[in-house]
A.B. asks: 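Take this structure, written in C-alpha cells, and hold onto it; I'll ask about it next.
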There are 4 protein chains.
Amino acid sequence: MQTEELIKETAKNVFFQKGHLRATTQEIADEAGVNRALIHYYFRSRNQLFDTVLQETMSELMGRIIGVFKSEATFKQKICSFIDLFITSQYPYLQTFIVTEMVKDPEKMKLFHPKDLDEVLTSFRKQLAVEVRKGTIAPVSMEQLIVNIMSLGSYPYLAKPIIQTVFILDDQAYENFLKERKNLIYRSIFNEDIQEE
Amino acid sequence: MQTEELIKETAKNVFFQKGHLRATTQEIADEAGVNRALIHYYFRSRNQLFDTVLQETMSELMGRIIGVFKSEATFKQKICSFIDLFITSQYPYLQTFIVTEMVKDPEKMKLFHPKDLDEVLTSFRKQLAVEVRKGTIAPVSMEQLIVNIMSLGSYPYLAKPIIQTVFILDDQAYENFLKERKNLIYRSIFNEDIQEE
Amino acid sequence: MQTEELIKETAKNVFFQKGHLRATTQEIADEAGVNRALIHYYFRSRNQLFDTVLQETMSELMGRIIGVFKSEATFKQKICSFIDLFITSQYPYLQTFIVTEMVKDPEKMKLFHPKDLDEVLTSFRKQLAVEVRKGTIAPVSMEQLIVNIMSLGSYPYLAKPIIQTVFILDDQAYENFLKERKNLIYRSIFNEDIQEE
Amino acid sequence: MQTEELIKETAKNVFFQKGHLRATTQEIADEAGVNRALIHYYFRSRNQLFDTVLQETMSELMGRIIGVFKSEATFKQKICSFIDLFITSQYPYLQTFIVTEMVKDPEKMKLFHPKDLDEVLTSFRKQLAVEVRKGTIAPVSMEQLIVNIMSLGSYPYLAKPIIQTVFILDDQAYENFLKERKNLIYRSIFNEDIQEE
DNA sequence: TATGAATGAGTGTTCATTCAT
DNA sequence: GATGAATGAACACTCATTCAT
C-alpha cells in the first residue's frame with residue numbers, strides 16, 4: 001500500500017514540481033525506483049494516474065484556499081495567508097499543467113469545484129464590501145482582487161525562465177527577487193506594509 | 001520558399017494560438033496542407049522547427065517590448081502600451097510553451113536576450129526613478145514593476161480554466177472580466193484611471 | 001485439494017463450453033473465484049493447465065467413444081449412440097480448440113490415443129463388414145463411416161455463425177434445425193428412420 | 001501499392017492457410033519481410049487488417065458459392081461443384097477462424113451476407129423441389145442438404161489432427177483418405193457414382 | 001521541390017509468472 | 001494453502017526521421 005503512495009507522490013513531484021508534464025510512465029517508474037508495470041497494476045492506466053494525482057492535488061489546493069477564507073482571522077490576515085498560498089506553492093507547475101491539459105478537455109475542470117466554495121466566497125464577498133466601505137481597501141470586485149493576488153504570486157514562478165533572461169538574474173538573485181514580493185503584493189492592496197507580530 | 005514560411009506560420013499558430021504544444025509533425029503538416037516529409041526537408045528535425053519558430057516569436061515579442069520603451073512617449077503612455085502587450089497577446093500560449101519547454105533546457109532562453117535590451121532597460125530605470133521622485137508612482141524597483149504588469153496581464157490567460165472554475169464564469173463572462181483589467185492594472189500603478197484622448 | 005478440481009472444471013467450461021479459447025489466467029481465476037497465483041501454485045504454468053485440462057477432456061471423450069463401441073448393443077444402436085456423442089457434445093468448442101492448438105504442435109495429439117482404442121476399432125470394423133454383407137448398410141470403410149458421422153454431427157456446431165448468416169436463422173430457428181439432424185444422419189446411413197422403443 | 005497487397009496476402013496465408021489465427025503483427029511482418037510499422041502504415045491497426053482480410057476472403061468465398069448456384073449447370077453438376085468448393089478449400093482454417101472470432105462478436109458475420117444470396121438460394125430451393133419430385137434425390141430441405149455437404153467436405157480438414165490420431169494415419173494416408181471422399185459424398189446424396197465425362 | 005514508402009526507437013498496456021509473507 | 005505485490009517479456013501502436021524517386 002505504501003508503494004501506491006510512493007508512485008503517486010513521485011508522479012506529483014515529476015508533474016508539478018519538476019514540471020515534466022509529458023513525463024512517460026517509464027520516467028515516473030524510474031524516478032520511483034519501481035517497475036513500469038506496477039504503475040498499471042495500481043492505476044490501470046497512465047491517464048488514471050494523471051487523473052488521480054490531479055484530483056488529489058487540486059483537492060488539497062482547494063482545501064487550503066477554503067481554509068484561509070473560512071478562518072476566524074481578520075480581513076488583512078486572510079489576504080496575507082492567501083498571498084502565502086500562491087507565493088510558496090508546493091507545486092509550481094500545477095497551474096501550467098492544468099492550462100496545457102485543459103486545452104484538450106476543459107470540462108474536466110468542473111470536477112474540481114468543491115461544494116462549499118461558493119458559500120465561502122459569498123461570505124468573503126460580503127466581508128470585502130464591508131472593508132471597502134471602511135476604506136481599508138480601494139474599491140474592487142472580489143474576483144479581480146483574488147485574481148490579482150494569484151497573478152502577482154504565481155506568475156513569477158511560471159515565467160521564471162523569461163524573467164531571469166530579461167533581467168539577467170542568476171538563481172540566487174531570483175530567489176531574493178521573489179522574497180521581496182510578498183510585502184510588495186500586500187502593499188499593492190493596502191498601501192501599507194505587513195504588520196508582523 | 002513560400003512553403004517554408006507557410007510551415008513556420010502554421011506551426012506558430014498551432015503551438016502558440018491553439019495551444020497544441022505537443023503537436024506532431026503530422027498535425028502541423030495537415031494544418032498547412034503539405035507533406036509531412038517537407039517539414040524535415042526545410043527544418044531537418046522537429047526540434048529545429050520548434051527552435052526556429054520559438055526564436056522568431058521571441059524576437060518579435062522582444063522587438064515590441066523594446067519598441068515600447070524606446071519610444072518618445074510619456075512614462076504613463078509607455079506603461080499603458082506595455083500593459084497592452086501582455087493583455088492582448090497574439091499568442092496566448094507562448095508563455096506556457098516557454099515555461100514547459102525551458103524546464104528541459106533552461107540554457108536555451110539565453111538565446112533570446114537581445115543586445116539592445118540592456119541599454120533600453122537602463123534608460124527606463126532612470127525614467128522610473130524620475131517619476132518616483134515626482135510622486136507619479138509609488139517607490140518600486142523597475143524589475144518588480146515590470147513583473148507586476150506582466151503578472152497581472154498574462155496570468156489570467158494562463159490560468160483561465162482555473163479561474164473560470166472557481167468563479168463559475170462562462171466564456172462571455174470571462175471575456176468581460178478580462179476587459180475590465182486593463183484599467184484596473186493601470187490604476188494599481190498610478191491610483192488613477194487611464195486618460196484617453 | 002478441491003480447489004485444484006475447481007480450477008480445472010472452471011477452465012474446462014471457460015475453454016470448451018464458452019469457447020473462450022484465449023482466456024487469460026485472470027479470467028479463469030475470476031470465474032473460479034480464486035487468486036490468480038493459485039493457478040500457478042497448482043499447475044505451474046498456464047500451458048500446463050491447458051494440457052491437463054485438454055488431456056482430461058480428451059480422455060473422457062475417448063472413454064465415451066470406446067464405451068459405445070464396447071457395449072453389447074446392436075450395430076444400429078451403436079451408431080445411434082455414436083451420433084449422440086457428437087450431436088450433443090458437452091463441450092461444443094473442444095474440437096475448435098484442438099484444431100487451433102494443434103496447429104502449433106501436432107505431435108501433442110499422439111498423447112490422446114488410448115491403448116484399447118485399436119482393438120475396439122478392429123472389432124467394430126469386423127462388425128461393420130458383417131452388416132455390409134447383410135445389406136444393412138451400403139459398403140463403406142469404417143474410417144469413412146465414422147468421419148461422416150462426426151462431420152455431420154459436429155460441423156453444424158463449429159460453423160454455427162456461418163450457417164446462421166447464410167440462411168438467416170435466429171437462435172431458435174437454429175435450435176430446431178439442429179434437432180432434425182439426428183434422424184437425418186441416421187437415415188443417411190441406413191435409409192430408414194430411427195426405431196424408438 | 002504492391003507492398004500493401006503483399007501484406008494482405010501474407011496475412012491471409014498466415015491466418016487461413018497456416019492456421020495461425022492469433023498471429024501477431026510481428027509474425028506477419030516477418031513472414032512478409034517488411035517492417036512491423038508498415039502494417040500500421042497501410043492498415044492503421046491490426047484489427048483493420050483482420051477485418052479487411054476477412055472481408056475479402058469471405059467475399060471471394062461467397063462469390064464462388066453464388067457462382068456455383070447461378071450457373072446454367074444441371075442439378076447434379078451444381079452439387080458436384082459445391083462439393084469441390086469445400087473439399088479443396090484454399091484456406092483450410094478460414095472456417096475455424098470465423099468460428100473462434102465470431103464467438104466474441106457474432107454480429108460481425110452479418111456483414112458477409114451478400115445481397116443476391118437470398119434469391120440464388122430461393123431459386124435453388126425450387127430446383128431442389130423439382131429433383132425431389134423426380135426422384136433424383138431423397139426428400140430433404142435445402143438447408144440440411146447444403147449443411148450436409150459442407151459438413152462432409154470441411155470437417156475432415158478442421159479435425160485432421162483428431163482423425164489422424166484416432167485412426168493412426170500419417171499425412172500420406174490421410175491424403176488418400178481425403179481423395180476418396182468426393183465420390184463418397186456424392187454417393188451419399190444420389191446413391192450413384194459421379195459421372196465423369 | 002515535393003512525396004509516398006519505409007524504418008527504428010519508444011509508448012502505454014497486458015500478461016504469465018515469481019516471490020515474500 | 002493462499003494472496004498481494006512485483007517483474008520481464010511481449011504486444012499493438014505512434015512518431016520523427018530517412019530514402020528513393
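Values below: every heavy atom of this structure, side chains too, minus hydrogens, waters and symmetry copies.
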A.B. asks: Expressed in angstrom and rounded to an integer, what is the separation of E4(A) atom CD from dA6(F) atom C1'?
C.D. replies: 14 Å
A.B. asks: Between V34(D) and G33(B), which is nearer to the 5' end of DNA chain E once each is assigned its nearest nucleotide?
C.D. replies: G33(B)
A.B. asks: Quick one: side chains of residues 26-37 of chain A, donor-acceptor pairs under 3.5 Å with protein atoms, not counting sequence neighbours, listed by atom name and distance.
C.D. replies:
{"unit_1": "E27(A)", "atom_1": "OE1", "unit_2": "T24(A)", "atom_2": "N", "d": "2.8"}
{"unit_1": "E27(A)", "atom_1": "OE1", "unit_2": "T24(A)", "atom_2": "OG1", "d": "3.4"}
{"unit_1": "N35(A)", "atom_1": "OD1", "unit_2": "A37(A)", "atom_2": "N", "d": "2.7"}

A.B. asks: Taking CD from E5(B) and P from dT1(E), how many angstroms apart are they, rounded to a whole number?
C.D. replies: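 Rounded to the whole Å, the gap is 13 Å.
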A.B. asks: Judged by each residue's nearest nucleotide on DNA chain F, which is more toward the 5′ side, L38(A) or N35(C)?
C.D. replies: N35(C)
A.B. asks: Would the number of heavy atoms belonging to other residues, nucleotides or ligands and lying under 6.0 Å from NZ of K18(D) be above 12?
C.D. replies: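 Counting other residues, nucleotides and ligands, NZ of K18(D) stays at 12 neighbours or fewer.
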A.B. asks: Using atom OH of Y42(C) as one end and atom P of dT18(E) as the other, report the distance to the nearest whole Å.
C.D. replies: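 Those two atoms, OH and P, are 17 Å apart.
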A.B. asks: Taking the side chain as everything from C-beta on, heavy atoms only, tell me whether D51(A) gets closer than 4.5 Å to R46(A).
C.D. replies: no
A.B. asks: Does the side chain of F112(D) come within less than 4.5 Å of Q55(D)'s, by heavy atoms?
C.D. replies: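 Touching, per the 4.5 Å side-chain cut-off.
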A.B. asks: Got a list of protein N/O to nucleotides 12-16 of chain E N/O distances below 3.5 Å?
C.D. replies:
{"unit_1": "dG12(E)", "atom_1": "OP1", "unit_2": "T25(A)", "atom_2": "N", "d": "3.3"}
{"unit_1": "dG12(E)", "atom_1": "OP1", "unit_2": "R46(A)", "atom_2": "NE", "d": "2.9"}
{"unit_1": "dG12(E)", "atom_1": "OP2", "unit_2": "T25(A)", "atom_2": "N", "d": "3.0"}
{"unit_1": "dG12(E)", "atom_1": "OP2", "unit_2": "T25(A)", "atom_2": "OG1", "d": "2.6"}
{"unit_1": "dT13(E)", "atom_1": "OP2", "unit_2": "H40(A)", "atom_2": "NE2", "d": "3.0"}
{"unit_1": "dT13(E)", "atom_1": "OP2", "unit_2": "R46(A)", "atom_2": "N", "d": "2.4"}
{"unit_1": "dT13(E)", "atom_1": "O4", "unit_2": "R36(A)", "atom_2": "NH2", "d": "2.7"}
{"unit_1": "dA16(E)", "atom_1": "OP1", "unit_2": "T25(C)", "atom_2": "N", "d": "3.2"}
{"unit_1": "dA16(E)", "atom_1": "OP1", "unit_2": "R46(C)", "atom_2": "NE", "d": "3.2"}
{"unit_1": "dA16(E)", "atom_1": "OP2", "unit_2": "T25(C)", "atom_2": "N", "d": "3.2"}
{"unit_1": "dA16(E)", "atom_1": "OP2", "unit_2": "T25(C)", "atom_2": "OG1", "d": "2.6"}

A.B. asks: Can you tell me the distance, in whole Å, between the CD atom of Q2(D) and the P atom of dG4(E)?
C.D. replies: 17 Å
A.B. asks: dT3(E) P sits how many Å from I39(B) CD1, rounded?
C.D. replies: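 Computing the I39(B):CD1 to dT3(E):P distance gives 12 Å.
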A.B. asks: Mind checking whether Y91(D) and F16(D) have parallel, tilted or perpendicular rings, split at 30° and 60°?
C.D. replies: perpendicular
A.B. asks: Just name whichever nucleotide pairs with dT3(F), Watson-Crick or G-U, keeping both distances under 3.5 Å, else none.
C.D. replies: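 Answer to the pairing question: dA20(E), which forms a Watson-Crick or G-U pair with dT3(F).
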A.B. asks: Are any of T3(C)'s side-chain N or O atoms less than 4.0 Å away from OP1 or OP2 of dA2(F)?
C.D. replies: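 The answer is yes; a side-chain N or O of T3(C) sits under 4.0 Å from OP1 or OP2.
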A.B. asks: Report the distance from atom CD1 of I7(B) to atom P of dT1(E), rounded to the nearest whole Å.
C.D. replies: 11 Å
A.B. asks: Out of the candidates V166(A), L158(A), T165(A), only one should pair with I162(A) under the side-chain contact (heavy atoms from CB on, under 4.5 Å) rule; please name it.
C.D. replies: V166(A)
